[in-house]
Amino acid sequence: EAGVTQSPTHLIKTRGQQATLRCSPISGHTSVYWYQQALGLGLQFLLWYDEGEERNRGNFPPRFSGRQFPNYSSELNVNALELEDSALYLCASSLGGQITEAFFGQGTRLTVV
Amino acid sequence: GQQLNQSPQSMFIQEGEDVSMNCTSSSIFNTWLWYKQDPGEGPVLLIALYKAGELTSNGRLTAQFGITRKDSFLNISASIPSDVGIYFCAGLTPLVFGKGTRLSVIA
């Protein structure tokens, strides 16, 4: 069974451009979480989607947005890219509910130049 | 928002030593998870805990879900060089992470 898959693996953009990152959860998982991890630092919570709806949002500006599709895959969009947006973006999926496990994809390395 | 306090921030130990790290929270969680992350990769789930007081092992790893549901610890016995990495605790729901413990093992 396929795990969480993220695409692309690497992405290079210039300042001011927009980036779109994609995440396919494990089959049957309805919750998707997005995190930003700058080099050598911890996981900063971005967004949580469950059953197609945004359930929670981290302390990030509105230019970070996303959505979850009917098949539970998800997109993260970052507008007006800034140099400090360079980071590893990680997606995790889980079953709905509070008694469950969450699994991560391999991440998308976004570099803004 | 919810935050997890994870300690220690980093550890340098000799191969063969035991390791202990813990997480505390001001909020109650129904699930505690422990992950290990290697450089440039996504975190890998090590242990999941679902019941207050639960003690679970996975090989040389042992983790416990605190009775108050506000804390958890992870122990690694007889450390080996491949244990090197960053260990994260996390609580559900939502999926909130500690800042990580960076483990270095000296052969």
Side-chain angles (χ1 to χ4, degrees), chain A residues 3-7 9-10 21 23-26 29-51 53-60 74 86-111, chain B residues 1-10 21 23 25 27-54 56 58 61 63 65 69-70 72 84-104:
Chain A
V4 179
T5 57
Q6 292 186 244
S7 63
T9 307
H10 294 85
L21 287 63
C23 174
S24 292
I26 291 172
H29 284 190
T30 61
S31 273
V32 171
Y33 300 85
W34 286 97
Y35 297 86
Q36 181 196 65
Q37 186 177 36
L39 194 61
L41 299 179
L43 288 81
Q44 303 300 314
F45 170 69
L46 276 162
L47 291 160
W48 172 31
Y49 292 97
D50 184 54
E51 296 282 1
E53 293 192 11
E54 183 179 301
R55 301 293 185 183
N56 205 347
R57 182 182 175 85
N59 191 21
F60 279 84
S74 178
S86 296
L88 181 67
Y89 288 83
L90 291 160
C91 165
S93 78
S94 73
L95 294 169
Q98 300 184 12
I99 311 294
T100 185
E101 300 167 335
F103 299 91
F104 279 87
Q106 82 283 5
T108 293
R109 171 70 63 187
L110 173 64
T111 303
Chain B
Q2 294 170 308
Q3 286 191 332
L4 298 185
N5 298 309
Q6 185 172 351
S7 64
Q9 206 170 23
S10 63
M21 57 192 80
C23 258
S25 168
S27 305
I28 289 174
F29 288 105
N30 290 311
T31 299
W32 279 90
L33 305 170
W34 284 92
Y35 293 84
K36 178 180 181 239
Q37 185 180 30
D38 292 325
E41 298 184 10
V44 174
L45 182 64
L46 298 173
I47 288 182
L49 300 157
Y50 303 114
K51 286 184 187 177
E54 178 183 1
T56 297
N58 178 9
L61 277 59
F65 193 148
R69 294 199 286 156
K70 291 184 178 181
S72 177
V84 165
I86 303 177
Y87 292 78
F88 291 100
C89 62
L92 261 170
T93 306
L95 190 56
V96 181
F97 281 83
K99 294 192 175 182
T101 295
R102 186 180 295 273
L103 179 63
S104 301

Open item on the list: Using a 4.5 angstrom heavy-atom cutoff, name the option from A:S31, A:G105, A:A102 with the most pairs to chain B.
Closed with: A:A102
TODO: Count the heavy atoms belonging to other residues, nucleotides or ligands that lie under 6.0 Å from CD of A:E51, then report whether that count exceeds 12.
DONE: yes
Task: Aromatic centroids of A:Y35 and B:Y35 separated by under 6.0 Å - done: no
Task: Which atoms of A:T100 approach chain B - backbone, side chain, both or neither, heavy atom under 4.5 Å - done: both
TODO: Let me know if B:L45 has heavy atoms under 4.5 Å from chain A in its side chain, its backbone, both or neither.
DONE: side chain
Expected list for residues 37-44 of chain B: side-chain donor-acceptor pairs under 3.5 angstrom, two or more places apart:
from	atom 1	to	atom 2	distance (Å)
B:Q37	OE1	A:Q37	NE2	2.8
B:Q37	NE2	A:Q37	OE1	2.7
B:Q37	NE2	B:E41	O	2.7
B:D38	OD1	B:K36	NZ	3.2

TODO: Return the minimal non-hydrogen interatomic distance between A:Y33 and B:L95, and the atom names on each side.
DONE: CE2-N, 3.3 Å
TODO: Determine whether more than 12 heavy atoms belonging to other residues, nucleotides or ligands lie under 6.0 Å from atom CZ of A:R57.
DONE: yes
Open item on the list: Between B:L92 and chain A, with a heavy-atom cut-off of 4.5 Å, which part of the residue counts as in contact: side chain, backbone, both or neither?
Closed with: both
